[in-house]
Amino acid sequence: MPTALDRAAACEERGIHPEALETARRAVPDEARVARASSLLKAVSDPTRLRILAALAATELCVCDLAALTGTSESAVSHQLRLLREERLVAFRKEGRMAYYRLMDHHVTELIRSALEHAQEPG
């Protein structure tokens with residue numbers, strides 16, 4: 001039996017709205033772009049990786065710092081950073097034998113900031 005929420009989500013009148021549908025079609029990216037964005041969002045969805053990204057939004061950090069911050073091993077952090085590098089979410093620079101990680105660019109910074117702000121909103 002449909003719930004009130006199901007009924008509210010359904011169209012009251014069946015029918016296609018050609019203009020709205022065409023506007024929506026133009027707004028939907030091609031399959032390759034959707035797959036890439038979906039993969040990026042999956043990478044951000046892991047709680048440990050999100051903590052790492054939030055920390056890197058504030059400052060550059062090495063693996064040791066990130067391990068201490070997240071309460072995980074350096075090996076686990078390195079694994080997470082590898083996944084984040086593959087998704088082009090983080091970059092690093094070498095200083096001697098140390099690698100310092102940072103967010104790749106302002107898009108990543110904004111993505112993390114927006115996600116955390118949205119999560120804080122009531123309701």
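Just the heavy atoms: all of them, side chains too, but no hydrogens, waters or symmetry mates, feed the values below.
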State, yes or no, whether a side-chain contact exists between L69 and V77 at a heavy-atom distance under 4.5 Å. no
Specify the closest pair of heavy atoms between A55 and L61, including all atoms of both residues, with the distance to one decimal. CB-CD1, 3.8 Å
Side-chain heavy atoms of L66 within contact of L56, under 4.5 Å: yes
What distance do I52 atom CD1 and L81 atom CG have between them, rounded to the nearest 0.5 Å? 5.0 Å
Should we say atom CD of E117 is surrounded by more than 12 heavy atoms from elsewhere, each under 6.0 Å from it? yes
Does a sphere of radius 6.0 Å around CG in L21 hold more than 12 heavy atoms from other residues, nucleotides or ligands, not counting ones at 6.0 Å or beyond? yes
Output all residues satisfying ring pair (Phe, Tyr, Trp, His ring centres under 6.0 Å) with F92, sequence neighbours left out; order by chain, then residue number. Y101
Keeping R49 on the side-chain end and A43 on the backbone end, is there a donor-acceptor pair under 3.5 Å? yes
State plainly whether one hydrophobic cluster holds both L83 and M104, where clusters connect Ile, Leu, Val, Met, Phe, Trp and Tyr through side-chain heavy atoms under 4.5 angstrom apart. no
So do the side chains of R102 and R93 get within less than 4.5 Å of each other, counting heavy atoms only? yes
Between the CG atom in L40 and the CG atom in L111, the distance rounded to the nearest 0.5 Å is 6.5 Å
Looking at side-chain heavy atoms only, is the closest gap between R88 and H107 below 4.5 Å? no
Donor-acceptor list for residues 23-35 side chains, cut-off 3.5 Å, not counting sequence neighbours:
{"from": "T23", "atom 1": "OG1", "to": "E19", "atom 2": "O", "distance (Å)": "3.0"}
{"from": "D30", "atom 1": "OD1", "to": "A32", "atom 2": "N", "distance (Å)": "3.1"}
{"from": "D30", "atom 1": "OD1", "to": "R33", "atom 2": "N", "distance (Å)": "2.9"}

Do the side chain of D65 and the main chain of A68 share a donor and acceptor less than 3.5 angstrom apart? no
Is there a side-chain contact (heavy atoms from CB on, under 4.5 Å) between V44 and V108? Walk through the geometry before answering. CA-CA 10 Å; V44 172; V108 179; over 6 Å; no
CE/M98 to SG/C64 distance, rounded to the nearest 0.5 angstrom? 5.0 Å
Any side-chain heavy atom of V90 sitting closer than 4.5 Å to one from R85? yes
Which value, rounded to the nearest 0.5 Å, describes the distance between R51 atom CZ and I112 atom CD1? 13.0 Å
So how far is it from Q80 CD to L53 CG, rounded to the nearest 0.5 Å? 10.0 Å
